[in-house]
*Asks:* 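Dropping a structure here in structure tokens format, bear with me for questions.
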2 protein chains.
Amino acid sequence: MSVDLPEPGTVRPGGRTARVRSAVLRAAADALIEHGFGHIDLADIARRAGVGKTTVYRRWGTVPGVVADLLAQMAETSQPRSDTGTLRGDLLALAHLIRRTLTDPLQGPLFKAVIAAATCDEQAAEALHRFYAIRIAEWAPCVERAAERGEVPAATDAAEVVRAVSAPLYYRLLASGEPLEPAAADRAAEAAAVAAEAGAFAP
Amino acid sequence: MSVDLPEPGTVRPGGRTARVRSAVLRAAADALIEHGFGHIDLADIARRAGVGKTTVYRRWGTVPGVVADLLAQMAETSQPRSDTGTLRGDLLALAHLIRRTLTDPLQGPLFKAVIAAATCDEQAAEALHRFYAIRIAEWAPCVERAAERGEVPAATDAAEVVRAVSAPLYYRLLASGEPLEPAAADRAAEAAAVAAEAGAFAP
DNA sequence: CTGTAAACACAACTGGAGTTCCATTATGAG
DNA sequence: CTCATAATGGAACTCCAGTTGTGTTTACAG
């Protein structure tokens, strides 16, 4: 019989422990951007963070474990959303925000890496889903306000509209591989707006 | 100075070489389904295929290398597309085909794995993009016929409509993690059809 | 049918990712 | 401030994924 030991870092979360976590997550992001999810090891992350590799193995265990914690931290920082006064304007701003993020030379590879980690590890997958649940909830009010203004049916599923804007851009990044041009963001926003107005997201 | 040696398997592609490739790709698919992209090694694939691991390392080199070849083989087998006579009917059939594929206990994990491989390796990424280019081209005629019937503007980008149907389902699988219910396929098809009819894909 | 070299199998080897052990540091309660 | 111990650091160790070297099988040209 094994006793339930506390996870490392949960009993004394202050001072050094917090500094180590911060340094490791920052180093992990750098390493993921530089090498991608496939060619990374925890020893390299530890070296970059100026931390013993034993510490990293003990607290996080695996690369997806670090990614899961990194995603939890990324979920804490919220992106400010637009309020242009029209659904089209807001969705266009969202689409271009996503496009800029995914084509950014730093954030693009990072998002690819965390998604790759999520396909390999259940813990990372759950962290990724929480991350997107938060981001989607942050933008849902755009659609809800459009419903109040009468631009879309009152029963419209706001989160589904936000997902409809995001999906084509991620599909290009991960599956089909077409370049993420600004025109693609325009079409994603326009298509989602038209479909929402027609009640395609209000069952 | 190094001489340009031919790739293994290119000079004598018949008989044994073909059998080995077939066995290895089948074993690779099984292993990817069972363990996922993250927890796989070529020695295991070689064992399953009943082949020396040296052979696998020499011909394919890495796991993403095997995945790239597997995708090339997957691209050869074409899925029959529907012809219901209406754009809505065809897109609905496409959406449900994709949903069934991604929720299939065998094909779902396989697709997750090959997409993970593509995010880690350029060679696998190119193979994946070729795979989707072919699948999308196979379904584009649905939209082209709809254009001939006058259901959508003549200038409609057929491939973009097909991608618009696919994207929300892949987004759920890879990013947001919501379950892939039949209703999600219905909405993806409906939203794409509405947007196409409104000319959102005809710039 | 025969010969040659392309492709493969087997075994020994190697490097480094991940583990273990123990010493050291410093958090947080009293 | 003091003390118990949570958390980290460093080095030695283990194990196996991936490599290399060598001999065998077999596709295919002539």
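Below, chain A is the first sequence line, B the second, and so on; all start at residue 1. When reading the values below, keep in mind they use all heavy atoms of this one structure, side chains included, and skip hydrogens, waters and symmetry mates.
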*Asks:* Strictly below 4.0 Å: does A:Arg58 bring a side-chain N or O up to OP1 or OP2 of D:dT8?
*Replies:* no
*Asks:* Check the distance between C:dG28's P and A:Arg12's CZ and give it to me in whole angstrom.
*Replies:* 7 Å
*Asks:* Which whole-number value in Å describes the distance from A:Arg19 CZ to D:dG9 C1'?
*Replies:* 14 Å
*Asks:* Rounded to whole Å, how long is the line connecting atom NZ of B:Lys53 with atom P of C:dC13?
*Replies:* 14 Å
*Asks:* Does the pair A:Asp69/A:Arg21 count as a salt bridge with the N-to-O cut at 4.0 Å?
*Replies:* yes
*Asks:* Does A:Arg12 offer a backbone N or O that forms a donor-acceptor pair with the side chain of A:Thr17 under 3.5 Å?
*Replies:* yes
*Asks:* Mind calculating the distance between CD1 (B:Ile45) and C1' (C:dC8) to the nearest angstrom?
*Replies:* 17 Å
*Asks:* CD1 of B:Ile40 versus P of D:dA17: gap in Å, rounded?
*Replies:* 11 Å
*Asks:* Any non-hydrogen side-chain atom of A:Ile45 less than 4.5 Å from a side-chain atom of A:Arg48?
*Replies:* no
*Asks:* Any side-chain N or O of B:Tyr57 less than 4.0 Å from the OP1 or OP2 oxygen of D:dG18?
*Replies:* yes
*Asks:* So does B:Thr17 get a side-chain nitrogen or oxygen closer than 4.0 Å to the phosphate oxygens (OP1/OP2) of C:dA7?
*Replies:* no
*Asks:* In whole angstroms, how far is the P atom of D:dT19 from the CZ atom of B:Arg59?
*Replies:* 17 Å
*Asks:* In whole angstrom, give the distance that lies between atom CZ of A:Arg47 and atom C1' of D:dG9.
*Replies:* 15 Å
*Asks:* When you check the gap from the basic side-chain N to the acidic O, do B:Arg163 and B:Glu160 get nearer than 4.0 Å?
*Replies:* yes
*Asks:* Checking all strands, does B:Thr62 fall into the base, sugar-phosphate, or nothing category for heavy-atom contacts under 4.0 angstrom?
*Replies:* nothing
*Asks:* Using whole Å, report how far CG of A:Leu42 lies from C1' of C:dG16.
*Replies:* 13 Å
*Asks:* Check every atom of C:dT20, D:dA7, C:dG18 against the side chain of A:Thr54 and return the nucleotide holding the closest atom.
*Replies:* C:dT20
*Asks:* Counting distance only, does the side-chain N/O of A:Arg172 pair as donor-acceptor with the main-chain N or O of A:Glu181 below 3.5 Å?
*Replies:* no
*Asks:* For D:dT25, does either OP1 or OP2 sit under 4.0 Å from a side-chain N or O belonging to B:Arg16?
*Replies:* no
